[in-house]
Student: 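Here it is: the structure, laid out below.
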Amino acid sequence: MLQQLETRIGGAVSQHILIRYGMDVVVAMEQPKQAAFGEFATPVAFGLAKQLRKPPRAIAEELVAELPSIDGVASLEVAGGGYINVRLDRAALALAALRGGSPAVTEGDGKVIVEHTNINPNKAAHIGHLRNAVLGDTFVRMLRASGQTVEVQNYIDNTGVQVADVVVGFHHLEKKSLEEVRALVAGEKFDYYCWDLYARISQYYKDNPESLQWRKDMLHEIESGEGELAALGTLVADAIVECHLNTMLRLGIVYDVLPRESEILHMQFWASAFKQLKERKAIYFETEGKNKGCWVMPGSAFDSNREDEDSKVIVRSNGTVTYVGKDIAYQMWKFGLLGKDFHYKLLRTYGDGHPLYVATGAADAPVNFGRGRKVFNVIDSRQSYLQDVVVAGLNALGYDEAAKNSIHFSYEMVALSPRTCIEMGIELSDEDAARPYVEVSGRKGLGVKADDLIDKLIDSALAEVASRNEDRSADEQFATAHAIAIGALRYFLLKFTRNTVIAFDFQEALSFTGETGPYVQYSAVRAGKILSKAGAHDAPAPESFARLLAEEGLWQYLLAVSKTDQAMASALAAGEPAHMARYAFQLAQQFANFYHDYPVIHETDAEKRSFLLWMTAQFRAAFERTASILGIPIPEFM
RNA sequence: GGGCGCGUAGCUCAGUUGGAUAGAGCAUCAGCCUUCUAAGCUGAGGGUCGCAGGUUCGAUCCCUGCCGCGCCUACCA
C-alpha cells in the first residue's frame with residue numbers, strides 16, 4: 001500500500017508539472033537517506049532547473065507552494081539544494097493497514113514459463129545446482145505472489161554425454177548387468193554411487209583416450225532407445241532424476257513438468273525445427289573450411305561483432321544435432337511455435353497434492369504444457385553464448401516476439417573457497433590455493449554434494465535446537481532443525497546478487513547468526529511467541545494512531561512492515577531475488593529493535609498495548625508473506 | 001585476439017533508472033540476560049569506492065583509456 005501511495009504521489013507531482021510548466025517528466029521517487037527527511041523524496045527540481053533556467057531550490061519551492069494537497073500526504077518540504085521531501089499522514093497509513101490493504105497484484109496477461117534446475121541425471125546434485133534451483137524457485141514464488149500464472153519446467157537431458165559416460169562406467173569399467181544396476185538403484189544413495197563412478201570414468205578417459213570410442217558408441221545405443229544398454233541408460237537417468245527430485249523437495253522446491261530430451265528425440269522435435277530453420281534460411285550447409293559438411297548458423301546472427309566465419313555448428317557433419325539445435329527446438333516448443341507436442345504421464349504427487357508430470361511419447365494424462373508468453377531460462381552465465389544462439393535462432397525464424405520474451409535468467413557459478421577445499425581434503429595446487437576460489441568439477445568429483453550439505457546443516461541446527469529446547473520431543477526438535485537448515489541454506493544462496501560468484505565456504509554457510517536465514521526465522525518466531533502469549537486481543541483504536549505514531553520509533557516500524565510490496569516490486573523489476581532476501585533481513589532487524597524497545601505484553605497503557613500487539617501482528621504477517629516468497633519456512637519454536 | 005562480468009572497510013558482500021554524511025554481516029575491542037527466547041541488543045575502530053581522464057549543478061553509478069582477476073569464445077552439454 002506504500003507502493004501505491006508512492007506511485008500516486010509521483011503521479012500527482014508529474015501532473016502538476018505538466019500543467020504548470022508544460023513539461024512531461026517522469027518523477028523519480030526515492031527514499032531519503034535519513035528518516036528525519038521524511039518518507040519519500042524527489043530530486044525532480046534538479047532536472048527541471050536547466051530547462052527552466054532557474055535554480056533548483058526555487059523550482060522546488062514553487063512546486064511545494066502550488067501543489068494541490070495529496071491524499072495520505074501530511075506535508076511537503078524543500079530541503080538541501082532542491083529536494084522535495086514528503087511526509088506522510090501517519091494515522092492515515094495505519095488506518096489503511098488496519099483495514100487490510102490488498103497486496104499489489106499485477107494482472108498477468110498470459111503464462112510465464114520458468115525453466116530451472118536442469119541437472120544432468122548422472123550424479124548427485126551439488127551446491128552449484130542448488131543455487132540454480134533456489135534462484136529459480138524463489139523467482140517463481142515472486143512471480144506467483146505478484147499474480148502471474150507460472151509453469152515450472154525442469155528439463156531432463158537423459159540421453160546426453162554425461163548419462164552415457166556413467167553408463168559406460170557401469171558397462172565397461174564395472175561390467176555390471178542391468179539387473180545388478182537395478183539392485184544398486186534399489187539401495188541407498190544411488191546418486192552418490194554415480195558421483196564416484198562418473199569421476200572414475202572421466203579419469204579413465206583421460207588415461208586411455210582410445211576408450212572415448214565407448215562414449216560415442218554408447219550415445220548411439222542410448223539415442224536409439226532400443227536394446228539392453230539403452231535400457232540401462234533409462235534406468236540410470238530415471239533413478240537419478242528421482243534422487244534430484246527428492247533432494248530439491250527437502251528445500252521445498254517442486255516442479256510442474258519434466259520435459260525430456262529422449263522425447264525431443266523420439267518425437268522428432270528437431271526435425272520440425274530443422275525444417276523451419278532451413279526454410280527460413282536461418283542456417284546453411286557449409287561446403288568448405290573447418291565446418292565443411294555441417295549445417296551452421298552464421299556468427300553475425302547472434303553477435304554483431306562476429307564475422308560470419310565464426311559460425312556455430314547446429315548439425316554436425318555426421319548428421320547428428322548439437323545441444324544448441326535441440327535447445328532451439330525446445331525453446332520453440334515453450335512458445336507453442338513448433339507444431340508438435342509432448343504427451344505426459346503423472347510422475348508423482350507432492351504432499352500438498354501438487355502433481356508432477358513427465359514427458360512421454362504416448363498419450364496418457366490429459367494435460368497441456370508450454371505455449372508460454374514469456375520464458376525465463378535459469379542457466380548459469382557460462383552458457384550465455386549458447387543462449388544468444390537460441391534467441392538468434394528464434395529471430396532468424398521470424399519469431400521476434402518469442403525472441404524478445406526469451407530471457408536468460410543468468411547467474412554466476414558457485415565455486416569453493418580454498419579453506420573449504422582443504423577442510424574437505426581436496427589437494428590444491430599452489431596456483432589454486434592462491435586464488436579466491438576453486439571451481440567445482442563434476443568430472444573430477446570435486447564439489448559439495450547437496451544432500452551432504454543439507455545433512456550437515458540439520459545436524460548443526462539440531463545440536464543448537466536441542467540445547468535450547470530440552471523440553472521438546474525429538475520429532476519437534478528435528479522439525480525445527482530442518483526448517484532452520486532450509487532457511488540457512490536458501491538465504492545463503494539468495495543473499496548474493498546473481499552476477500556475484502559465490503565462493504562457497506562451510507563456515508559462512510553454516511552460520512546461524514548475523515545476516516542469515518535463521519536470524520529472520522528467529523524474529524518471526526519471537527513475534528509469534530508474543531502473539532500466542534498475549535492470546536486474544538482487540539484491534540487497536542484508530543483514535544490512538546495519531547498520538548502513538550507521533551513516537552518516531554513506532555512510526556518507523558509501521559513503515560518497515562508496510563514495505564513488503566515495494567521490496568517485491570524492486571526485486572521483480574531487477575530480477576533479483578537478493579533484494580527480497582535483503583528486505584527480509586531488514587525487517588528482522590527492525591523487529592529485533594522493536595522487540596528490544598517495547599515490552600509489548602508488559603505495556604501498562606492499555607491503548608498502547610493494544611497498538612503494540614497489533615504492530616507485532618503486522619510484523620508477523622510481513623514475515624510470513626516474505627518468508628514464504630523466499631521459500632523459507634518459519635518453525636514453531638527455535 | 002574478441003565477447004561478457006567483476007574490482008567498494010581486514011574478510012564476504014549491498015548500494016534502489018546519477019543526488020543529501022557510501023551501508024550490512026563477519027572478524028576485533030568495550031558493554032547489556034531476576035523483565036515477551038542473548039540465534040539478540042548497544043557502542044567503538046576500520047574507506048584514495050582499482051588507476052587516470054571526460055560528461056554533469058552533482059559520479060561508487062554514465063563515457064574513454066589503462067591495470068588486475070574470472071568466465072565464455074568445441075562437430076561437449
Side-chain angles (χ1 to χ4, degrees), chain A residues 26 28 30-34 37 41-43 46 49-50 55-56 79-83 85 118 120 157 160-162 215 261 286 290-296 299 303 305-307 310 312-318 320-324 326-327 380-386 388 410 412-413 415 417 435-437 439 461 464-465 468-469 484 488 495-497 499-503 505 507-508 511-516 518-519 521-523 525-527 529-534 566-567 570 573-574 576 578-579 582 585-586 588-589 592-593 595-603 616 637-638:
Chain A
V26 179
E30 50 193 46
Q31 194 179 317
K33 294 272 182 206
Q34 288 179 44
F37 291 149
T42 177
F46 291 100
K50 191 186 254 178
Y83 278 94
N85 290 339
N118 299 9
N120 270 302
D157 182 7
V161 172
Q162 294 209 20
R215 170 193 277 172
E261 173 143 291
E286 184 63 79
K290 60 174 183 167
N291 293 330
K292 185 177 178 183
C294 299
W295 285 89
V296 301
D303 185 342
N305 290 307
R306 280 173 180 268
E307 301 295 325
D310 291 333
K312 179 68 192 167
V313 172
I314 304 297
V315 179
R316 304 183 185 97
S317 54
N318 67 3
T320 57
V321 57
T322 59
Y323 172 81
V324 191
K326 284 181 275 196
D327 224 23
D380 77 77
S381 61
R382 286 174 291 195
Q383 298 198 43
S384 59
Y385 164 68
L386 297 170
D388 288 347
S410 74
E412 275 290 348
M413 64 177 169
S417 74
R435 288 173 202 254
Y437 50 78
E439 198 172 343
E464 196 69 27
V465 171
R468 290 159 185 261
N469 301 277
I484 291 171
K495 71 194 269 193
F496 300 95
T497 49
N499 61 4
T500 297
V501 176
I502 298 179
D505 187 88
Q507 197 169 309
E508 282 178 33
S511 166
F512 296 155
T513 61
E515 194 194 339
T516 65
Y519 175 82
Q521 292 170 312
Y522 188 62
S523 285
V525 166
R526 279 173 143 184
K529 190 69 177 292
I530 292 174
L531 294 171
S532 67
K533 214 158 191 173
Q566 272 189 315
S570 149
E576 283 289 7
H579 291 178
R582 183 154 290 270
F585 174 64
Q586 285 166 348
Q589 278 185 316
N593 287 322
Y595 186 91
H596 185 259
D597 293 347
Y598 297 92
V600 179
I601 291 177
H602 303 103
E603 177 58 52
T616 306
F637 64 94
M638 277 179 82

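Since we're looking at a predicted model, the values are computed, not measured. Sequence lines set the chain letters: A, B, ... in the order given, protein chains first and strands last, and positions in each chain run from 1.
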Student: Given B:C6, is OP1 or OP2 found less than 4.0 Å from the side-chain N or O atoms of A:Asn499?
Tutor: yes
Student: Can you find a side chain N or O atom of A:Arg468 that sits less than 4.0 Å from OP1 or OP2 on B:G40?
Tutor: no
Student: Would you check if the side chain of A:Thr322 reaches a backbone N or O of A:Ile314 as a donor-acceptor pair within less than 3.5 Å?
Tutor: yes
Student: So, is A:Tyr522 close to the B:C36 phosphate, meaning a side-chain N or O under 4.0 Å from OP1 or OP2?
Tutor: no
Student: Between B:A20, B:C36, B:U21, which nucleotide gets closest to the side-chain atoms of A:Ala41?
Tutor: B:A20
Student: Can you figure out which of B:U37, B:G25, B:C72 approaches the side chain of A:Arg382 most closely?
Tutor: B:C72
Student: If you measure from the ring centre of A:Tyr595 to the centre of the six-membered ring in the base of B:G40, is it under 5.5 Å, with the planes under 30° apart?
Tutor: no
Student: Quick one: look up who B:G1 pairs with, Watson-Crick or G-U, both distances under 3.5 Å, and put none if it's unpaired.
Tutor: B:U73
Student: Below the 4.0 Å mark, does B:U12 have OP1 or OP2 next to a side-chain nitrogen or oxygen of A:Thr500?
Tutor: no
Student: Closest heavy-atom contact between A:Tyr519 and A:Gly514?
Tutor: CB-O, 3.1 Å
Student: Name all residues meeting the ring-ring contact (aromatic ring centres under 6.0 Å, His included) criterion together with A:Tyr522; count only those two or more places apart in sequence or in a different chain, and write none if there are none.
Tutor: none
Student: Could you tell me how far B:G47 sits from B:G15 if I compare only their C1' atoms? Round to whole Å.
Tutor: 14 Å
Student: Starting at CD1 of A:Ile502 and ending at P of B:G25, how long is that distance when rounded to a whole Å?
Tutor: 20 Å
Student: May I ask you to verify if any side-chain N or O of A:His579 is less than 4.0 angstrom from the OP1 or OP2 atom of B:G15?
Tutor: yes
Student: When you check the phosphate oxygens OP1 and OP2 of B:G25, does a side-chain N or O of A:Gln589 lie under 4.0 Å from one of them?
Tutor: yes
Student: So, is A:Arg582 close to the B:G23 phosphate, meaning a side-chain N or O under 4.0 Å from OP1 or OP2?
Tutor: no
